[in-house]
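First the proteins, then the strands, lettered A, B, ... as listed; each starts at 1.
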Amino acid sequence: MIWALKRVGISLVLVWIVATIVFLAIHLVPGDPAELLLSQGGVAADPGAVAELRGQLGLDRPILVQYGQSMAGLLRGDLGRSMQDDSPVADAITRRLPRTLELIGAGAILALLVGMPAGTLAAIRRGGVFDRTASWLAALALAVPVFVTGTLLVLVFAQSLRWVAAGGYVALAEDPARHLSLLAMPSLTIGLGLAAVVFRMARAAVLDVAGRDYVRTARAKGLRPRHILTRHVVRNALMPVVTVVALHLGSLLGGTVLVEYVFNWPGLSGLLVDAVSARDYPSVVGIILVISVLFVGLNLLVDLLYGVLDPRVRHG
Amino acid sequence: MRLSRRAFLASTAAAATLGSGLSRQARAARSPDTLVFGLSSYPPNLQPWSNAGAAAGTVKMLIFRGLTSYDPDGTLIGELAESWERDGETAWVFHLRQAVFQNGAPVTAEDVKWTIEQVSAATSTAYLRAEFQGVERVETPDPRTVRIVTKQPFVTLPVLLANYNMPIIARGSTDNGGTPVGAGPFVLKAQERGASLDLVAFDKFYKPGLPKLKSLKMVAYSDENARVAALQAGDVDLIEYVPWQSMAAIEADPKLRLETTEGPFMDLVFNGKSGPFVDARVRSAVAFAIKREEIVKAAFFGRGKPLQSLPFPEASPYFDAGRSTYWTYDPDRARALLKDAGKPEGFSCTLLSTAQYGMHKDTAVVVQQNLADIGIQVQLSLPDWPTRVSLGNRGQYEFAVIGNAGDSNDPDGLSAYIDGELPPSYSRSFGLAVPRLHELLAQGRAEFDQAKRQAIYAEVEKTTQEHAPFVGLAWRSQGYAMARNLQGFHNLPGALTFYSGLTLEQATFA
């Protein structure tokens, strides 16, 4: 119990450190939100107007006071209001986060559906045509940046064949079929890269497990090959694959920005980039904080699960 | 131990077919009464009197309207004002038409008075706050007549009242953080920050039969390639800020139409407080050393033309063909000017631009190459746009590339770019005041006689050429692309291109 509380405590401190670093970093970067807001049309605003807006946004207060107010708000669960349109930051995050999670989730499912069987097959037929072809394709998928993959998909399926829309978003409840069709290309773009990772991990893991003593024993017992594969090999090979996928999913939380841009998918990453461009301090701090909490939470969960599964971790 | 290759391939193909099947539904027909507009960015806000950029301006023109506006040819016309006239040297009288705000209240002289008072208030953050300090008082002799008394003759007042950052708002609607109520042709129904806005036709818009569309969906596409792809795929019907590299492909597409105008431009600004560009001869040397055709090719794919003087469009009565080619490429003259300035061997300096926008970066690269030919070794500084703005406003640079567009086709719109006596701005030279220029611009603003105005702005042009506080580089083509069957929408000429949203009230599908 003490061990678990210690882990939770460390996670909270980690989140506070992240919030502080982000707050200081965004304030230290050149660019003034008031100046930017009033200079959008290509001509700098009247200095009096900029000073007035700075006052309205609270930017004329000492940075420590601003920091204190920001942290106090976070402790109350208040992420503040956007400097761009005065709307609550939490509302925008609540709306955008599920979309990014959906994109990542769909990409992960695609990656597992393709990568796991392909990796298994490649391991079983090690050195064969399929193994060599699939390994080459996986290397290619890993090497090609997502914005190239995404742009190619748009070019072929949206602009040339006109099978799908080039991008955009429609809520699932509004039009389920269109929602899924709009989800297809961005999730495929994410899924292809991830599938290559899964393929490599699965291939390596299957090769490793297939050489273990208990597999040889199972074979010696005369079990059917399919039975050995599904019950003994793949099941045990899944563990490292799932661990790697989970780690990748965490990093994708803030890393889908290029995919969101190419497909105009209004997710959390795009919101973060827009907020940074506008030097919208509360939005930047709020979004990164939420991503950090999710990331730290995910790690905490894994830590706690390790503890449950392996007593050596608890007492170590 | 065999896992069938056929089974694996079959399952993968099934997944792909499922995706394809779903995707065919993506082209579901939209209502012919709805237009989807691909904006270049999501409006940071829709505050009526703040300048939140061109995309915000387009949306604001749909929700709000001013006293005056422009027709598709760019002619100044009455909007909420039916007519207007001068009343002596220092007053303008506007006669309002029968119109109602989107809350059903009539548009009255009191609303106009209240609007001008809000814009010019001491605590205002309005874009035109400084300009409206020139208003002495606003009189309302009757509910449909407004008399605006100015401190000095104010020639450009009707033009300023057409600015999309100067709409008339229902009196008191913004009090206590309320939503501003306008009298535009569309009502904002819903919006999602960063993504899209939904507008529906205002059924009591004062122009009979308008707007022709029932609804508009404005979707933000920050990535220019995504914006073009959306148009080509039929996801949107109209896009703004067509990237120059895509214009040829759009022109070649039989389903699409491109409308361009040359209004916005690129120029160089200088630090007049410190560094090598304090000397006008050095600035002039730079002006004569640049091959502007290369900028047009490199940054705008040939979609533009050299700007060798002040940006007066050819159709403008202030345009003079002789003066317009003053800064022709003349490296010998540039070297001679450097010699006169005591820098015969050239010097090293830093050029501020931004890597965030290709046209700024590419322009800077060409300038860097051209100046190396006369011995000026240029190092590029390419921060992100917010940093670029901040450095420019604080004068933390030696010289810089900037892209601009006038607020109107009136030459007074150039004051913002050449009058160094105005407060510091990233869009004009820093600390580089030319008193004669300031004087001439003030005269132009107060002169009603067209012939005399032309003479004043001819002098403005010559003075700018002599002192080079502004060095023109290139006109750039500004385009809107649309489905061929979209009618009624037009790209307004010259600097008014960003007012094209006014014509959306006429837009309809054939």
Non-hydrogen side-chain atoms of [X] and [Y] separated by less than 4.5 Å:
{"X": "B:Asn45", "Y": "A:Met83", "value": "no"}
{"X": "A:Glu35", "Y": "B:Arg394", "value": "yes"}
{"X": "A:Leu37", "Y": "B:Ser50", "value": "no"}

Heavy-atom closest pair, residues [X] and [Y]:
{"X": "B:Tyr221", "Y": "A:Gly167", "answer": "OH-O, 4.3 Å"}
{"X": "A:Ala158", "Y": "B:Ala233", "answer": "O-CB, 3.7 Å"}
{"X": "A:Asp85", "Y": "B:Pro44", "answer": "CB-O, 3.6 Å"}
{"X": "A:Ala166", "Y": "B:Asp235", "answer": "N-OD2, 2.6 Å"}

**Side chain / backbone / both / neither for B:Arg193 at chain A, heavy atoms under 4.5 Å** =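 Both parts, heavy atoms under 4.5 Å.
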**Message:** For chain B, which candidate among A:Arg99, A:Met185, A:Gln56 shows the most heavy-atom pairs at distances under 4.5 Å?
**Reply:**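 Most heavy-atom pairs within the cutoff with chain B belong to A:Arg99.
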**Asked** Any donor-acceptor pair under 3.5 Å linking the side chain of A:Asn264 with the backbone of B:Ala220?
**Response**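 Flag set: sc A:Asn264 to bb B:Ala220 pair under 3.5 Å.
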**Request:** Find the distance between CG (B:Asp223) and CD (A:Glu260) and round it off to the nearest 0.5 Å.
**Result:**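 With rounding to 0.5 Å, CG (B:Asp223) is 12.5 Å from CD (A:Glu260).
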**Prompt:** Looking at CG of B:Asp384 and CZ of A:Arg279, how far apart are the two atoms once the value is rounded to the nearest 0.5 Å?
**Reply:**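 Result: 4.5 Å between the selected atoms.
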Please flag which part of [X] lies under 4.5 Å from any non-hydrogen atom of chain B: side chain, backbone, both or neither.
{"X": "A:Arg224", "result": "neither"}
{"X": "A:Ser283", "result": "side chain"}
{"X": "A:Val262", "result": "backbone"}
{"X": "A:Ala92", "result": "side chain"}
{"X": "A:Asp91", "result": "neither"}

**Asked** Have A:Arg54 and B:Thr125 got a donor and an acceptor in their side chains that come within less than 3.5 Å?
**Response**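 Distance-only check fails for A:Arg54 and B:Thr125.
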**Message:** Looking only at heavy atoms and a cut-off of under 4.5 Å, which of B:Glu192, B:Arg388, B:Gln47 has the most pairs with chain A?
**Reply:**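 Top count of heavy-atom pairs under 4.5 Å with chain A: B:Glu192.
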**Message:** I need the residue from B:Ala195, B:Gly57, B:Ala229 with the largest number of non-hydrogen atom pairs under 4.5 Å to chain A.
**Reply:**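 Among the listed options, the one with the most contacts to chain A is B:Ala229.
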